[in-house]
Amino acid sequence: MKYILEESEELAKKAKLKYKYIHLGMSMKKVLSCKQYVVFYLKSFNKLKYSAIADIMGLTESTIREHYLRAIKKLSKL
């Protein structure tokens with residue numbers, strides 16, 4: 001019986017964490033511009049380099065860096 005309770009507790013913790021990340025993702029979309037969101041997503045979650053993101057989006061690397069920095073500033077306020 002103890003094993004089932006520990007397993008349920010672990011599942012509850014994982015569910016809370018997933019909910020937190022879903023909520024954060026929805027908040028990010030509300031706060032960031034479309035380009036900022038895409039750049040932040042590709043840089044943070046997919047670990048792409050600025051040059052690769054610039055190629056994908058058809059923008060310069062400096063523009064990509066600026067979008068990323070602005071996204072970080074906005075998200076730090078959340």
Side-chain angles (χ1 to χ4, degrees):
M1 187 70 164
K2 185 178 179 183
Y3 176 76
I4 293 172
L5 291 175
E6 288 174 357
E7 188 175 304
S8 296
E9 194 174 304
E10 185 64 29
L11 288 173
K13 286 180 185 178
K14 287 180 181 179
K16 282 183 181 181
L17 188 60
K18 284 183 183 180
Y19 175 77
K20 182 179 176 182
Y21 284 125
I22 290 169
H23 182 70
L24 178 62
M26 293 175 75
S27 297
M28 285 172 42
K29 281 194 164 191
K30 290 179 185 176
V31 172
L32 301 179
S33 72
C34 183
K35 287 181 182 178
Q36 289 170 348
Y37 179 79
V38 170
V39 169
F40 181 81
Y41 182 83
L42 293 174
K43 181 76 176 143
S44 298
F45 297 109
N46 290 340
K47 307 292 186 207
L48 294 180
K49 295 181 180 182
Y50 290 118
S51 58
I53 299 170
D55 288 343
I56 290 168
M57 297 184 70
L59 300 170
T60 64
E61 281 187 53
S62 61
T63 302
I64 297 300
R65 281 192 196 93
E66 188 62 32
H67 282 305
Y68 184 73
L69 290 175
R70 288 182 182 181
I72 294 293
K73 284 181 185 178
K74 285 182 179 180
L75 292 175
S76 67
K77 294 178 184 177
L78 287 180

Revision key, fill the gap. Value for OH (Tyr37) from NZ (Lys29), rounded to nearest 0.5 Å, stands at 4.5 Å
Point to revise | Value rounded to 0.5 Å, distance of NZ in Lys16 from CG in Leu11 | key: 13.0 Å
Review point. Has Arg70 got more than 12 heavy atoms of other residues, nucleotides or ligands less than 6.0 Å from its CZ?
Key: no
Revision key, fill the gap. Rounded to the nearest 0.5 Å, the CD1 atom of Ile53 sits from the CG atom of Leu59 at a distance of 10.5 Å
**Study point:** Contacts of type side-chain contact (heavy atoms from CB on, under 4.5 Å), residue Ile72, not counting sequence neighbours
**Key:** Phe40, Tyr68
Review point. Which pairs, with at least one residue in residues 38-59 and sequence neighbours excluded, count as a side chain to side chain donor-acceptor pair (under 3.5 Å)?
Key: none
Practice item. List in chain and number order the residues that pass side-chain contact (heavy atoms from CB on, under 4.5 Å) with Lys74, two or more places apart in sequence or in another chain; answer none if no residue qualifies. Key: Val31, Leu32, Gln36
Point to revise | Positive for side-chain contact (heavy atoms from CB on, under 4.5 Å) with Val39, one of Thr63, Leu69, Ile64 | key: Ile64
